[in-house]
A.B. asks: 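Please find one structure pasted underneath; my questions will follow.
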Amino acid sequence: MIEGKIPRLIEGVFQTNNLLGIHMIRAAVFLLALLISSASYSCTVPIYGEEYDALIELTETQERHSYQIRVPARVDGSKLVKAFLAYTKLPKGEFMVGEFFSEIRLRKSSGDYVSAVFYAPEKEGYAPYVQVRWPGEVCATVASSEFPRSD
């Protein structure tokens, strides 16, 4: 009597495992498809270029190491702009990778512009630059500007 039930019991276990395996594969395929589709809505590289770099107005003030920045508050339907003072070791003309960042507090200026006066002290072996970011719905727009020097 037990002999007939054991094969059926083992057979039932294998059928359950096969069903679980199929469901696990379906779940894995669903998660993979979800990740791939969400990646298509993500931004892997920000929008940048010389036309955005040209939007940054950076001028030296009367005080030493003091500068004024003026930029549009929004670009291409972006959210409110943020600006950062950064320093890099790379020579001019190459892609700048900032090693020190500090936010520049921008205030509403004339028209659709924001501006600020900020201090950029010299750091031995580093070149300062300004990076401006306009966050967007999917991708941010990024611009950078080297400092005008009157040496």
Side-chain angles (χ1 to χ4, degrees), residues 12-151:
V13 169
F14 282 121
Q15 285 177 350
T16 304
N17 282 342
N18 283 340
L19 286 175
L20 286 176
I22 290 171
H23 290 299
M24 290 179 75
I25 290 171
R26 285 182 182 168
V29 168
F30 173 76
L31 289 174
L32 184 62
L34 184 65
L35 288 173
I36 290 171
S37 66
S38 66
S40 67
Y41 291 110
S42 67
C43 178
T44 55
V45 177
I47 301 166
Y48 67 97
E50 291 180 13
E51 66 270 21
Y52 297 107
D53 294 347
L55 297 175
I56 301 173
E57 297 175 24
L58 191 60
T59 55
E60 198 168 10
T61 66
Q62 297 295 325
E63 191 176 329
R64 185 175 175 177
H65 303 298
S66 178
Y67 299 88
Q68 179 175 13
I69 183 172
R70 184 173 181 261
V71 294
R74 298 177 192 277
V75 171
D76 299 330
S78 66
K79 297 177 184 171
L80 203 55
V81 64
K82 288 191 173 206
F84 300 89
L85 169 63
Y87 292 86
T88 183
K89 280 189 172 183
L90 295 177
K92 293 180 181 180
E94 292 186 30
F95 185 73
M96 294 183 276
V97 178
E99 296 191 28
F100 306 103
F101 279 92
S102 61
E103 187 171 353
I104 300 170
R105 297 184 187 264
L106 299 167
R107 296 186 188 342
K108 182 77 174 147
S109 171
S110 62
D112 293 331
Y113 284 83
V114 292
S115 66
V117 174
F118 64 98
Y119 181 70
E122 289 183 7
K123 291 189 185 284
E124 185 74 31
Y126 291 90
Y129 70 97
V130 170
Q131 185 180 76
V132 179
R133 299 178 194 160
W134 292 273
E137 287 295 321
V138 176
C139 250
T141 302
V142 178
S144 60
S145 175
E146 295 178 2
F147 275 71
R149 291 290 177 197
S150 60
D151 298 358

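The first residue of the sequence shown is numbered 1, and numbering continues consecutively from there.
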A.B. asks: May I ask you to decide if the ring planes of Trp134 and Tyr52 are parallel, tilted or perpendicular, using 30° and 60° as cut-offs?
C.D. replies: tilted
A.B. asks: Grab the two heavy atoms, one from Glu146 and one from Tyr129, that are nearest each other, plus how far apart they are.
C.D. replies: CA-CB, 4.4 Å
A.B. asks: First locate atom CD1 of Ile69, then atom OG of Ser115, and finally report the distance between them rounded to the nearest 0.5 Å.
C.D. replies: 9.0 Å
A.B. asks: Let me confirm one number: the CG-OG1 distance from Asp76 to Thr141, rounded to the nearest 0.5 Å.
C.D. replies: 5.5 Å
A.B. asks: Any donor-acceptor pair under 3.5 Å linking the side-chain atoms of Arg70 with those of Thr59?
C.D. replies: no
A.B. asks: Not counting sequence neighbours, which residues clear ring pair (Phe, Tyr, Trp, His ring centres under 6.0 Å) with Tyr113? List them please.
C.D. replies: none
A.B. asks: Go through the steps for Val142 and Gln131 under the test side chain to side chain contact (heavy atoms under 4.5 Å, CB included), then give the verdict.
C.D. replies: CA-CA 7 Å; Val142 178; Gln131 185 180 76; 3.8 Å; yes
A.B. asks: Is it the case that the side chain of Thr61 and the backbone of Ser66 share a donor-acceptor pair, with hydrogens and angles ignored and the cut-off at 3.5 Å?
C.D. replies: yes
A.B. asks: Do Ser102 and Leu85 have side chains that get closer than 4.5 Å, going by heavy atoms?
C.D. replies: yes
A.B. asks: With sequence neighbours excluded, tell me which residues meet side-chain hydrogen bond (donor to acceptor under 3.5 Å, both in side chains) with Asp53.
C.D. replies: none
A.B. asks: Quick check for you: to the nearest 0.5 Å, what is the distance between Glu60 atom CD and Gln68 atom CD?
C.D. replies: 12.5 Å
A.B. asks: Taking all atoms of both residues into account, what is the closest heavy-atom pair of Cys139 and Pro46, and its distance?
C.D. replies: SG-CA, 4.5 Å
A.B. asks: CD of Glu50: more than 12 outside heavy atoms within 6.0 angstrom?
C.D. replies: no
A.B. asks: Give, for atom CD of Glu122 and atom OH of Tyr87, the distance between the pair rounded to the nearest 0.5 Å.
C.D. replies: 8.5 Å
A.B. asks: By the definition side chain to side chain contact (heavy atoms under 4.5 Å, CB included), identify the one residue from Leu58, Val130, Leu55, Val81 that meets it with Val71.
C.D. replies: Val81
A.B. asks: How far apart are the closest heavy atoms of Lys89 and Tyr126, and which atoms are they?
C.D. replies: CE-OH, 3.0 Å
